[in-house]
Amino acid sequence: MKSFLGIELGSTRIKSVLVGEDFKPMATGAYEWENKFENGFWTYSLEEVWEGVRASVSALGVGLGDVAGIGVSAMMHGYLAFDTYGNLLADFRTWRNTTTEKAAEELTKRFNFNVPQRWSIAHLYQAILNGEPHVGDVAFMTTLAGYVHWKLTGEKVLGVGDASGMFPLEGGEYSVRMADVFSGITNGVRISEIFPRILAAGETAGRLTEEGARLLGSGLRAGIKLCPPEGDAGTGMVATNSIAPRTGNISAGTSVFAMIVLEKDLKNVYTEIDMVTTPTGKPVAMVHCNNCTSDLDAWVRVIGESLACFGVEVSKSELYEKLYGAAVSDAADADCGGLLAYNFFSGEPIVGLDEGRPLFVRAVGANFTLANFMRSLLFSSMATLRIGMEILRGEDVALEKIQGHGGLFKTPGVAQKLMAAALNTPVSVMETAGEGGAWGMALLAAYMGEGGGDTLDEFLMEKVFVNSTDENLRPVEKFDVDGFEKFLQNYRSGLAVQKAAVECV
């Protein structure tokens with residue numbers, strides 16, 4: 001029986017998913033890792049990239065002799081620059097870094113197109129502005145997914161969705177107009193010469209080489225086809241069947257972002273909105289926030305340690321279930337009882353922060369209970385997303401459905417209910433929501449071999465999700481929605497405290 005392998009390098013886990021001919025997961029494997037703050041940048045070592053990829057594939061625990069297609073996905077954006085000999089010129093700089101403000105601002109003005117700090121071109125231009133010695137030797141730049149794919153196949157290519165987070169696209173290719181502008185301000189740096197070639201979903205993007213097979217291990221053979229490497233935003237769209245106009249999805253984990261597939265371009269340029277594409281090249285408005293669950297997870301861990309001090313052992317899943325459940329229980333006040341939490345481990349451009357300091361604050365008379373504390377942490381993980389989404393509402397962007405997926409939604413009903421309140425719109429979560437982007441990547445690998453001439457929309461609707469079910473929750477107007485609005489009002493006012501914390505701590 002044919003199978004298809006998807007590998008995704010996320011911010012806290014490298015995950016592999018194997019699907020069969022029915023496109024359902026047959027096996028999963030994972031490797032946990034964490035970014036490190038070194039020499040002023042958030043980074044991961046490339047040695048651990050391969051250690052983690054091999055470990056996640058090995059953890060599948062099944063034979064891989066029938067694998068017919070492979071796909072690689074990873075965190076979008078960032079900076080991976082190599083010389084003509086394939087040597088890494090600077091430590092990998094991830095999407096989490098907020099060190100490119102000057103470059104991003106100047107490029108946004110010159111292009112008349114929003115270039116966020118995370119984007120690869122902003123990292124390259126900032127390195128040029130900084131006079132970093134290595135920039136004259138840059139012969140190839142790519143994303144993390146593009147790097148892994150290159151080493152597995154020898155092909156310097158990238159899926160259109162991932163490429164749209166490196167440099168602005170027009171017609172599915174790097175914008176010629178903006179590339180000429182960039183060349184003019186950098187003494188002749190040509191995007192077309194150093195960036196990967198762009199491919200769309202369904203195309204064959206190379207075959208596994210003997211060297212690539214050794215890098216993956218687990219008995220995978222050379223010659224297996226690989227589909228175009230994609231970013232985690234694109235795989236999230238595929239995993240939630242949200243690639244058609246008027247659909248959208250929210251991916252909530254270490255970061256949180258909403259992807260809304262547009263019917264037409266936005267009327268204005270907004271620094272809070274990324275313009276990217278689906279894996280087939282359709283325009284997407286992306287609201288991206290650097291911070292989501294890191295602070296929440298840290299508090300859950302500390303509460304678990306507290307229980308352990310008293311000899312109470314609680315599983316991780318039960319701990320999350322009980323604590324999240326408290327946030328939507330009758331014991332919780334709609335507005336969190338006056339408690340405020342800020343989840344900023346790193347900078348957050350949407351609210352004007354170059355750096356972050358996780359912060360919890362309350363007035364003396366606030367109703368400080370466990371239920372309100374957990375509700376404030378969950379609301380905090382959604383607040384900046386809501387601020388960005390307000391812009392799309394002002395543009396009258398049509399949205400028929402929005403799907404939630406990622407770690408925040410693993411506990412049934414809780415984050416879904418509160419996200420519906422934060423956005424004041426129904427939120428659906430599929431039964432496969434926990435499988436995430438690695439499953440979406442496996443589906444893209446399957447589409448390469450089993451698409452049969454269908455568009456990706458048709459393939460997903462008619463073959464993958466034809467019998468799928470999801471749970472749709474509508475916001476509760478008089479409690480959750482009104483409560484979030486009051487929380488958000490306090491949250492905005494308290495941002496001055498957050499900025500002071502960055503200056504003083």
Side-chain angles (χ1 to χ4, degrees), residues 9-13 33-38 40-44 74-79 92-105 108 114-123 126 143-144 162 165-166 231-233 236 249-259 270-276 285-299 341-359 377-391 405-408 415 419 422 437 491-492 495 498-499 501-502 505:
L9 294 92
S11 55
T12 59
R13 284 195 310 169
W33 67 342
E34 287 286 349
N35 54 188
K36 297 178 176 64
F37 192 70
E38 297 179 347
F41 296 100
W42 291 103
T43 188
Y44 299 86
M75 300 168 279
M76 289 178 68
H77 318 299
Y79 187 67
F92 172 35
R93 299 171 187 178
T94 77
W95 58 270
R96 197 171 198 175
N97 288 286
T98 51
T99 55
T100 63
E101 181 178 7
K102 184 177 180 181
E105 286 183 356
T108 295
N114 182 38
V115 176
Q117 291 198 51
R118 300 179 304 281
W119 282 30
S120 304
I121 192 62
H123 282 280
Q126 190 65 56
T143 64
L144 183 55
D162 206 8
M166 289 192 74
D232 51 357
N249 80 88
I250 299 167
S251 176
T254 303
S255 64
V256 60
F257 51 85
M259 310 286 294
Y270 302 97
T271 57
E272 299 90 348
I273 306 293
D274 296 20
M275 291 305 301
V276 292
M286 179 183 189
V287 180
H288 186 285
C289 306
N290 287 349
N291 300 275
C292 186
T293 62
S294 294
D295 190 44
L296 179 58
D297 291 341
W299 279 109
Y342 294 94
N343 64 339
F344 302 125
F345 264 59
S346 63
E348 193 61 80
I350 280 183
V351 290
L353 290 175
D354 294 329
E355 297 180 46
R357 301 290 187 273
L359 181 67
L377 294 177
L378 283 160
F379 271 173
S380 172
S381 71
M382 305 167 186
T384 48
L385 180 69
R386 158 61 187 276
I387 292 170
M389 289 290 286
E390 288 174 355
I391 295 170
H405 71 112
L408 189 66
M419 186 68 78
Y491 181 92
R492 291 181 195 269
L495 282 169
Q498 171 63 213
K499 292 174 182 178
V502 171
V505 178

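Along the sequence shown, residues carry numbers from 1.
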Practice prompt. Assign the ring pair His77 / His288 to parallel, tilted or perpendicular, where the plane angle (0 to 90°) is split at 30° and 60°.
Written response: perpendicular
Can you name the closest pair of heavy atoms from [X] and [Y] and give their distance?
X	Y	result
Ala422	Met382	CB-CB, 4.2 Å
Ala341	Ser380	O-OG, 3.0 Å
Ser381	Cys292	CB-O, 3.5 Å
Val287	Ile350	CG1-CD1, 3.9 Å
Arg96	Ser294	NH2-OG, 3.7 Å
Ser11	Thr254	OG-OG1, 2.8 Å

Counting only N and O atoms by type, is there a donor-acceptor contact under 3.5 Å from the side chain of [X] to the main-chain atoms of [Y]?
X	Y	value
Gln126	Ala103	yes
Ser120	Gly78	yes
Asn114	Ile273	yes
Tyr342	Tyr491	yes
Gln117	Glu101	yes
Asn291	Ser346	yes
Gln498	Leu359	no

Fill in: Interatomic spacing from CZ in Phe345 to CG in Asp297 - rounded to 0.5 Å
8.5 Å
Worksheet item: How long is the gap from CG on Leu144 to OG1 on Thr94, to the nearest 0.5 Å?
Response: 10.0 Å
Item to complete: Show your reasoning for whether side chain to side chain contact (heavy atoms under 4.5 Å, CB included) applies to Asn343 and Leu377.
Response: CA-CA 8 Å; Asn343 64 339; Leu377 294 177; over 6 Å; no
Worksheet item: Does Phe379 have any ring-ring contact (aromatic ring centres under 6.0 Å, His included) partners at least two apart in sequence or in another chain, and if so, which?
Response: Phe484, Phe487
Using a 4.5 Å cut-off on heavy atoms from C-beta on, say whether the side chain of [Y] contacts that of [X].
X	Y	result
Trp95	Asn290	yes
Leu408	Leu296	yes
Asn249	His405	yes
Asn97	His123	yes
Ser251	Asp232	no
Thr100	Arg93	no
Leu353	Lys499	yes
Asn35	Thr43	no

Discussion item. Please determine whether side chain to side chain contact (heavy atoms under 4.5 Å, CB included) holds for the pair Met75 and Tyr44, giving the CA-CA distance in whole Å, both sets of side-chain angles, and the decisive distance to 0.1 Å.
Written reply: CA-CA 12 Å; Met75 300 168 279; Tyr44 299 86; 3.6 Å; yes
Practice prompt. In plain terms, say whether Glu34 and Lys36 are close enough for a salt bridge, that is, a side-chain N and a carboxylate O under 4.0 Å apart.
Written response: no
Practice prompt. Applying side chain to side chain contact (heavy atoms under 4.5 Å, CB included), run through Glu272 and Ile387 and close with a yes or a no.
Written response: CA-CA 9 Å; Glu272 299 90 348; Ile387 292 170; over 6 Å; no
Discussion item. Please evaluate residues Thr143 and Asp162 with respect to the criterion side-chain hydrogen bond (donor to acceptor under 3.5 Å, both in side chains), reporting the C-alpha separation (whole Å), side-chain torsions for both, the decisive distance (0.1 Å), and the verdict.
Written reply: CA-CA 8 Å; Thr143 64; Asp162 206 8; 2.8 Å; yes
Fill in: side chain to side chain contact (heavy atoms under 4.5 Å, CB included) evaluation trace for Met259 with Val276
CA-CA 9 Å; Met259 310 286 294; Val276 292; 3.6 Å; yes
